[in-house]
Visitor: 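There's a structure below that I have some questions on.
Every chain is numbered from 1, with letters handed out A, B, ... down the list of sequences.
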Amino acid sequence: MSIGLTRLREEPDRIRQGAIDKGEDPAVVDAARALEGRRRQLLGESDLLKAERNVASKRVGEAIRGGAAPNGPEVAALKQTSTEAGAQIEKIDADLAAAETQLEEMLLRIPNPADPDVPVGDASANRTVRTWGEQLPREATTDGQAWSRRPHWDIGADLKMFDLERGAKITGSGFPVYMGAGSRLQRALIDFMLDIHTTEHGMTEVWPPAVVNSASARGTGQIPDKEDLMYVAPRDDLYLVPTAEVPVTNLHRDEIFDAAELPIRYAAYSPCFRREAGAAGKDTRGILRVHQFDKVEMVFFEKPEASAEALEWLTGRAEVILQRLGLAYRVLLMATKDMGFVQAKKYDLEVWAPGVERWLEVSSCSNFRDYQARRMAIRYRPEPGAKPELVHTLNGSGLALPRTVAAILETYQQPDGSVVVPEALRPYMRMDRITA
RNA sequence: GGAGAGGUCGCCUAGUGGCCUAGGGCGCCGCACUGGAAAUGCGGUAUAGCGCAAGCUAUCGAGGGUUCAAAUCCCUCCCUCUCCGCCA
């Protein structure tokens with residue numbers, strides 16, 4: 001996850017401004033440039049000495065084959081040349097390694113500049129680009145009877161769909177147990193979403209491992225930056241995935257595609273594990289913020305020139321799910337300081353939950369451009385025989401389950417306490433209505 | 001978990017310390033031949049960094065070591081395959 005050296009050299013001003021727009025310190029940009037120059041100089045010296053050493057070593061072989069005594073003075077002199085060069089190389093390479101480590105650290109602290117059409121500012125600059133559906137009020141009237149829509153935790157408890165207390169008993173707070181219709185709703189939603197993305201949207205379905213090794217965690221930038229947010233199995237050097245983005249994006253780490261293979265578009269279900277350290281006290285009720293949840297994630301690998309449009313399409317595919325479920329939502333274009341360090345452009349989808357009277361984030365759709373691909377060395381060949389270039393990566397939820405479930409329960413609840421199953425889910429739920 | 005065999009340039013393969021700046025075949029690209037094609041012949045076909053360029057450097061699963069010199073020898077680790085054990 002980093003900025004490219006070429007780009008750093010060619011447009012430092014834009015990168016510096018990008019850092020400022022995201023509220024980061026632009027000084028690292030200059031520090032990186034200085035280190036890059038030092039690295040280049042040391043590398044030149046090292047390469048030169050290595051060339052000398054190689055020549056001397058080769059002459060040793062030639063001399064011996066030519067009849068010189070293997071332990072004679074001629075050979076000894078050549079060996080000494082090589083040894084001396086080797087000693088110098090060792091010193092320079094140590095400096096070089098240090099410079100490269102520092103450079104890498106600096107590069108990791110330079111954020112991906114936002115696209116030009118992203119509003120500059122903090123969360124207050126986020127722009128609502130569109131809304132869909134009817135934003136139901138909490139206070140409702142049905143057949144002349146006034147009633148209040150209830151929050152999903154009450155509905156879920158009454159209909160025995162999930163059990164938070166027992167989840168806390170067997171595992172801990174934030175690990176809900178889904179039961180009965182609640183369990184079936186999980187299955188139905190996963191099945192429903194994957195069906196739409198594969199059958200209608202042409203994506204390839206992936207069912208990835210829920211744990212990854214450290215190389216993969218590093219690839220998508222989970223470590224070292226976000227290690228606190230993940231569950232770790234240190235004994236086996238494995239990490240529980242916080243999102244399917246991690247295993248699925250890493251599928252193609254260190255690969256080079258032919259241009260004809262792109263775009264590659266995946267839809268992947270996975271459980272997601274998040275420690276959310278420091279987030280205690282917020283959204284503690286219900287299933288709005290939990291340590292384990294389920295999600296269908298979309299991951300795209302695109303040609304650079306196609307990624308901007310692909311983000312719009314990707315976002316639209318997540319919206320399709322909400323539309324089919326008949327849930328009111330809005331699409332937010334995130335401002336520079338609210339969008340994250342690595343995203344170039346990001347849309348959040350928020351679904352309306354009338355019981356708690358809040359917009360709930362159910363999807364976050366991002367274009368990383370080449371920033372993520374660089375660290376993972378995911379490239380493609382624009383033309384046969386051409387030099388490989390970095391692909392652009394994108395991803396977005398389609399969708400995260402818990403908040404979708406909350407919105408369904410709160411949107412479709414009836415005055416009698418039952419919940420009508422959204423039309424699109426009925427074939428998957430094999431029921432029209434959830435009752436106690 | 002135990003025993004054994006392996007991991008080389010897209011694929012197959014050669015390679016047991018210095019003519020390996022990794023050879024051959026397949027595939028692919030270009031050219032020639034052809035009415036067109038097949039076949040054939042010739043040439044080219046990894047990635048990254050540095051350099052205006054010629055070119056130099058690094059990489060033979062990963063990392064360390066021995067040596068003037070490592071694909072090749074030594075150590076550690078990872079992965080694949082076969083057999084055994086265990087197991088949803």
Visitor: Decide whether A/Q17 and A/D13 meet the rule of one side-chain donor and one side-chain acceptor closer than 3.5 Å.
Guide: no
Visitor: Take the protein atom CZ of A/R374 and the nucleotide atom P of B/A48, then report the distance between them rounded to whole Å.
Guide: 13 Å
Visitor: Find the partner of B/C60: check Watson-Crick (N1-N3 plus N6-O4 or O6-N4) and G-U wobble (N1-O2, O6-N3) distances, both under 3.5 Å, and reply none if neither fits.
Guide: none
Visitor: Please determine, for B/C19, whether a Watson-Crick or G-U wobble partner exists with both distances under 3.5 Å, and give it or none.
Guide: none
Visitor: CD of A/E383 versus P of B/U45: gap in Å, rounded?
Guide: 19 Å
Visitor: Scan nucleotides 15-20 of chain B against the protein and return all N/O pairs shorter than 3.5 Å with their distances rounded to 0.1 Å.
Guide:
unit_1: B/G18; atom_1: O2'; unit_2: A/R65; atom_2: NH2; d: 2.9
unit_1: B/G18; atom_1: N2; unit_2: A/S57; atom_2: O; d: 2.7

Visitor: Identify which nucleotide among B/A58, B/A48, B/C68 has an atom closest to any side-chain atom of A/P388, counting heavy atoms from C-beta outward.
Guide: B/A48
Visitor: Quick one: does A/H152's side chain have a donor or acceptor within less than 3.5 Å of a partner on A/G355's backbone?
Guide: no
Visitor: Can you tell me how the ring of A/H201 sits relative to the ring of A/W313, calling it parallel under 30°, perpendicular over 60° and tilted otherwise?
Guide: perpendicular
Visitor: Applying the Watson-Crick and G-U wobble criteria at under 3.5 Å, what pairs with B/U72? Answer none if nothing qualifies.
Guide: none
Visitor: Please evaluate residues A/H291 and A/F273 with respect to the criterion ring pair (Phe, Tyr, Trp, His ring centres under 6.0 Å), reporting the C-alpha separation (whole Å), side-chain torsions for both, the decisive distance (0.1 Å), and the verdict.
Guide: CA-CA 6 Å; A/H291 290 307; A/F273 302 90; over 10 Å; no
Visitor: Measuring only the C1' atom in each nucleotide, how far is B/G7 from B/G61? A whole number of Å is fine.
Guide: 6 Å
Visitor: Does B/U45 have OP1 or OP2 sitting under 4.0 Å from an N or O in the side chain of A/R381?
Guide: no
Visitor: With both distances kept under 3.5 Å, what pairs with B/A39, Watson-Crick or G-U wobble?
Guide: none
Visitor: Identify the nucleotide, in any strand shown, that forms a Watson-Crick or G-U wobble pair with B/A53, with both distances under 3.5 Å; if there is none, say none.
Guide: none
Visitor: Of the options A/E45, A/E104, A/E100, which is the one that meets A/R39 in a salt bridge (Lys or Arg N to Asp or Glu O under 4.0 Å)?
Guide: A/E100
Visitor: Could you identify the nucleotide paired to B/C11, looking across every strand shown and requiring Watson-Crick or G-U wobble geometry with both distances under 3.5 Å?
Guide: B/G25
Visitor: Using whole Å, what does the distance between atom P of nucleotide B/C79 and atom CG of A/N213 come to?
Guide: 9 Å
Visitor: Counting only Watson-Crick pairs (N1-N3 plus N6-O4 or O6-N4) and G-U wobbles (N1-O2, O6-N3), all under 3.5 Å, who is the partner of B/C83?
Guide: B/G2
Visitor: Should we count CZ of A/R166 as having more than 12 external heavy atoms under 6.0 Å?
Guide: no
Visitor: Collect all protein-nucleotide pairs involving nucleotides 49-52 of chain B in which both atoms are nitrogen or oxygen and the distance is under 3.5 Å.
Guide:
unit_1: B/G49; atom_1: O3'; unit_2: A/R39; atom_2: NH2; d: 3.0
unit_1: B/G49; atom_1: N2; unit_2: A/D47; atom_2: OD2; d: 3.0
unit_1: B/C50; atom_1: OP1; unit_2: A/R9; atom_2: NH2; d: 3.2
unit_1: B/C50; atom_1: OP1; unit_2: A/R39; atom_2: NH2; d: 3.3
unit_1: B/G51; atom_1: OP1; unit_2: A/R40; atom_2: NH1; d: 3.0

Visitor: Mind checking who B/C33 pairs with, Watson-Crick or G-U wobble, both distances under 3.5 Å?
Guide: none
Visitor: Between A/N54 and B/C56, is there a contact of a side-chain N or O with OP1 or OP2 at under 4.0 Å?
Guide: no
Visitor: State whether a side-chain donor-acceptor pair under 3.5 Å links A/D258 with A/Y380.
Guide: no
Visitor: Hey, mind stepping through A/T220 and A/T249 against side chain to side chain donor-acceptor pair (under 3.5 Å) and telling me if it holds?
Guide: CA-CA 8 Å; A/T220 34; A/T249 309; over 6 Å; no
Visitor: Going by atom types only, do A/S418 and A/R433 share a side-chain donor-acceptor pair under 3.5 Å?
Guide: yes
